[in-house]
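A quick write-up on the structure given underneath.
Heads up: numbering here begins at 1 and tracks the sequence. Keep in mind that what you see is a predicted model, and the values were worked out from it rather than measured. One-based numbering, in listed order, for ligands and for the atoms of each.
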Amino acid sequence: MDGNGRWAKERNLKRTAGHEEGAKVVREITQHCAALGVKYLTLYAFSTENWNRPKLEVEFLMKLLEKYLKSELDIYMQNDIRFRAIGDMSKFSKSLQKQIALTESTTAKNKGLTQVLALNYGSQDEITRAVKRLTQKGLEISQENIEACLDTAGFPDVDILIRTSGEVRISNFMLWQCAYAEMFFVQKFWPNFTKYDLDDIIDDFIKRERRFGGV
Ligand code: IPE
Ligand code: MG
């Protein structure tokens, strides 16, 4: 979800207004995916590198996250959405960690869409933590065992990767899980992204021939 800051700048607003608008789009796209029958939607909300932003912006994002999770609980329950977080939660405040755990446990039995928020997430950090876990457990180094120790254990690999705002980079997102992802880079800033844009991408995705290294 890239381009919140530039969306705001374009309108002479503070960057934080862009994040607020972006959160509304998260809600819209999540509900749309649930209605379409998508099984997993992962949203990259805060990266391990985002701590390098100005302190006030980081604080705002933390508050917004907590507010979003609180206000979303009803929507998760009404739409049968299961919530999961990936990333290293240990760097967050106790109250945000509690809210994340509560949202996960309350929605754990929901059977529709799994909405995954990547929070203090970096793929290199995730793989490093997975390898640590693997050695702590004394497990053999195999593809299956590495996957079982990733934050995404039990989740399917990525089919569609979308990045908004015109940047053509992966920026440390699910490097392992995107091995055969189909990539879509769209010009629009995240706050301008709509469910119709997602529909167009899915239509395009269906037409792509995926060979997974075969012929
Ligand atoms: C992405 O928007 C949202 C988060 C990282 C929370 P940006 O904040 O990166 O927006 P730009 O790239 O500055 O426009
Ligand atoms: Mg950005």
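Put simply, the side chain of Ile75 reaches to within 4.5 Å of the side chain of Gln31, judged on heavy atoms. Side-chain contact between Thr152 and Met174: present, with at least one pair of heavy atoms (C-beta onward) separated by less than 4.5 Å. Proximity of Arg129 to Leu150: side-chain heavy atoms (C-beta onward) are nowhere separated by under 4.5 Å.
The N/O atoms of Ala45, backbone and side chain alike, include none that comes under 3.5 Å of an N/O atom in ligand 1. The distance criterion of under 3.5 Å between nitrogen or oxygen atoms is met by Asn4 with respect to ligand 1.
By the 30° and 60° cut-offs, the orientation of the rings of Trp51 relative to Phe92 is tilted.
Annotation: protein N, O or S atoms under 2.8 Å of the Mg ion (ligand 2) (waters excluded) comprise Asp2 OD1.
Within ligand 1, counting atoms from 1 as listed, the ones closer than 4.0 Å to a heavy atom of Arg53 are 5 (C), 7 (P), 8 (O), 9 (O). Every atom of ligand 1 is numbered from 1 in the order shown, and the set under 4.0 Å from a heavy atom of Arg6 is 11 (P), 12 (O), 14 (O). Close approach of ligand 1 to Asn50 is summarised as follows: ligand atoms under 4.0 Å from at least one heavy atom of the residue are 5 (C). Under a 4.0 Å criterion applied to the non-hydrogen atoms of Met1, ligand 1 contributes the atoms 1 (C), 2 (O), 3 (C).
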Can you give each donor-acceptor pair under 3.5 Å made by side-chain atoms of residues 197-205, sequence neighbours left out, with the distance rounded to 0.1 Å?
residue, atom, partner, partner atom, Å
Asp197, OD1, Lys188, NZ, 3.3
Asp197, OD2, Lys188, NZ, 2.9
Asp197, OD2, Thr194, N, 2.9
Asp197, OD2, Thr194, OG1, 3.2
Asp199, OD1, His32, NE2, 2.8

Which donor-acceptor pairs under 3.5 Å do side chains of residues 206-215 form with protein atoms, sequence neighbours excluded?
residue, atom, partner, partner atom, Å
Arg208, NH1, Glu182, OE1, 2.9
Arg208, NH1, Met183, O, 3.3
Arg208, NH2, Met183, O, 3.3
Glu209, OE1, Arg211, NH1, 3.3
Arg210, NH1, Asp159, OD1, 2.9
Arg210, NH2, Tyr180, O, 2.8

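Residues meeting the side-chain hydrogen bond (donor to acceptor under 3.5 Å, both in side chains) test with Asn145, sequence neighbours left out: Ser142.
Counting only N and O atoms by type, the side chains of Gln99 and Glu104 include no donor and acceptor under 3.5 Å apart.
Residue contacts with ligand 1 leave out Ser165, since none of its heavy atoms falls under 4.0 Å from the ligand. Residue contact annotation: Arg15 has a non-hydrogen atom under 4.0 Å from ligand 1.
Of the candidates Thr30, Ile100, Val116, Leu102, Phe83 forms a side chain to side chain contact (heavy atoms under 4.5 Å, CB included) with just one, namely Ile100.
Rounding to the nearest 0.5 Å gives a distance of 10.0 Å between CH2 of Trp176 and OG of Ser123.
In this structure, the protein non-hydrogen atom closest to atom 10 (O) of ligand 1 is Gly5 N, 2.9 Å.
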